[in-house]
There are 4 protein chains.
Amino acid sequence: MNALRNSVRLIGHMGDAPKVKKLDGGKTVANFSIATNEIYHDASGTRQSETTWHKMVAWGKQAEVIEKYAGKGTELAIEGKLTNRSWDDKNGEKQYITEIVVNSVLLLDKKNQAVEA
Amino acid sequence: MNALRNSVRLIGHMGDAPKVKKLDGGKTVANFSIATNEIYHDASGTRQSETTWHKMVAWGKQAEVIEKYAGKGTELAIEGKLTNRSWDDKNGEKQYITEIVVNSVLLLDKKNQAVEA
Amino acid sequence: MNALRNSVRLIGHMGDAPKVKKLDGGKTVANFSIATNEIYHDASGTRQSETTWHKMVAWGKQAEVIEKYAGKGTELAIEGKLTNRSWDDKNGEKQYITEIVVNSVLLLDKKNQAVEA
Amino acid sequence: MNALRNSVRLIGHMGDAPKVKKLDGGKTVANFSIATNEIYHDASGTRQSETTWHKMVAWGKQAEVIEKYAGKGTELAIEGKLTNRSWDDKNGEKQYITEIVVNSVLLLDKKNQAVEA
DNA sequence: TTTT
DNA sequence: TTTT
């Protein structure tokens with residue numbers, strides 16, 4: 001199945017409020033970013049943290065949960081798949097972007113423990 | 001641990017031979033692409049396949065296994081983490097790229113079943 | 001979502017032909033075992049392999065794919081969830097068993113590369 | 001690699017304080033249970049929850065983090081591998097148990113967010 | 001035996 | 001742009 005071929009799991013925090021749109025036909029899309037922090041110790045033994053930002057896209061029920069219960073700083077666990085998109089920029093150069101399409105969301109903040117999609 | 005925060009799993013085929021470099025100090029790096037195919041059925045019930053290409057980077061022991069045993073068309077299972085890099089292109093525009101840094105490789109072609117890293 | 005709370009991924013070989021039953025109502029169930037091999041090097045540097053056997057249960061479409069395309073020795077990738085069952089044995093002692101309920105199957109043998117569920 | 005062949009991921013709560021032992025040689029082992037809750041809606045549309053209990057074993061650094069920072073009710077994300085053990089019970093019958101050997105732990109309670117192993 |  |  002597809003989840004065995006292409007699967008991403010992240011646990012991190014939303015960088016900002018999601019950008020939510022209602023499409024013609026009523027489907028909801030939510031775009032947002034998640035930061036994951038990698039903890040490691042450098043050569044001198046000092047604890048270091050390195051942040052990676054991930055661009056996320058959620059559709060339908062997942063988007064609605066994100067819209068209602070998640071915002072800037074919310075901690076989430078997410079399972080999704082990698083996708084690529086491209087477009088032509090103002091210089092006529094092709095630009096590529098990698099996004100994660102959300103399959104499942106789990107809100108990890110205490111007040112939202114019962115919410116998932 | 002970091003593998004719980006940022007983890008990608010792919011099962012797919014290499015698009016071409018890996019580009020392998022030996023760094024000063026002897027460390028090996030291998031760059032390559034993997035295609036994953038998503039199978040789905042369209043509105044008319046016809047079976048469709050959609051390919052996503054993933055840019056991969058392997059270091060050290062993983063790079064050496066890739067160099068020795070994998071080539072164009074090799075089927076692989078991979079676990080890694082998402083990372084982003086940027087650079088300035090010829091127009092002075094910042095370009096972004098998402099890559100997967102390989103943590104584990106498993107060669108799925110019969111002749112290589114015993115090889116992994 | 002539930003796949004974020006309880007998820008198992010295995011890549012291994014079937015130990016025997018699956019035991020397949022058709023339930024009243026037409027639903028198919030398949031019971032089978034998968035062996036995973038852990039490769040490691042012992043204190044003397046000798047390559048060792050340790051096998052773990054996993055009890056699997058597949059339902060519906062997944063069971064039908066297993067029944068049609070998989071048999072003794074077939075290599076599979078599987079995603080599923082852990083479950084426990086208990087029953088009373090002939091001594092009246094409660095027995096416990098852990099099984100993996102299959103969510104997704106991917107057949108890794110060349111002749112079956114196009115089959116999944 | 002072995003993490004690709006046999007991997008479990010759980011997000012759940014510890015049922016009780018861990019049982020921690022120091023082995024001769026100084027290695028630490030921690031045994032504990034984690035409950036995962038599956039949420040679903042029954043035929044009548046009522047929200048139902050089903051609990052699965054998982055037996056966990058952590059060694060070394062992972063065991064020490066569990067001992068210091070986790071207790072009854074602590075929410076954890078865990079990555080590990082499935083293993084089986086057997087012993088002979090008082091009736092001379094062989095008993096089998098499936099356990100998850102912890103590779104990575106992430107504490108999800110707010111006060112412990114910086115702790116992982 | 002957990003949690004919401 | 002997050003969090004500890």
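When reading the values below, keep in mind they use all heavy atoms of this one structure, side chains included, and skip hydrogens, waters and symmetry mates. So that the names make sense, note that chain A is the first sequence line, chain B the second, and so on, each numbered from 1.
Put simply, the side chain of D:Ser49 and the base of E:dT3 share no donor and acceptor less than 3.5 Å apart. Interface remark: the A:Thr51 side chain does form a donor-acceptor pair with the F:dT2 base, using a distance-only criterion of under 3.5 Å.
At whole-Å resolution of the value, CE in A:Met56 and C1' in F:dT2 are 13 Å apart. Spacing between atom NE2 of D:His13 and atom C1' of E:dT2 amounts to 7 Å, rounded to whole angstrom units. F:dT1 atom P lies 17 Å from atom NE2 of A:His54, rounded to whole Å. Distance, A:Leu10 CG to F:dT2 P: 18 Å, rounded to whole Å. The nearest whole Å value for the distance from the CD1 atom in A:Ile39 to the C1' atom in F:dT4 is 8 Å. In this structure, D:Glu75 places its CD atom 16 Å from C1' of E:dT1, rounding to the nearest Å. One interatomic measurement links the two molecules: CH2 of D:Trp53 to C1' of E:dT2, which rounds to 4 Å at whole-angstrom precision. At whole-Å resolution of the value, CG in D:Leu106 and P in F:dT3 are 16 Å apart.
Ranking E:dT1, E:dT2, F:dT2 by closeness to the D:Ala35 side chain, first place goes to E:dT2. Looking at the side chain of D:Asn37, the nearest of the listed nucleotides E:dT2, E:dT1, F:dT1 is E:dT2.
The side chain to side chain donor-acceptor pair (under 3.5 Å) search around D:Glu79 returns D:Ser7, D:Asn103, not counting sequence neighbours. Under the side chain to side chain donor-acceptor pair (under 3.5 Å) criterion, A:Asp16 pairs with no residue, sequence neighbours left out.
Contact annotation: the side chain of D:Thr98 never approaches that of D:Lys55 to less than 4.5 Å [non-hydrogen atoms, C-beta and beyond].
Note that the NE2 atom of A:His13 and the OG1 atom of A:Thr74 stand 8.5 Å from one another [nearest 0.5 Å].
Residue D:Gly73 is classed as a sugar-phosphate contact, given heavy-atom separations below 4.0 Å to backbone atoms only.
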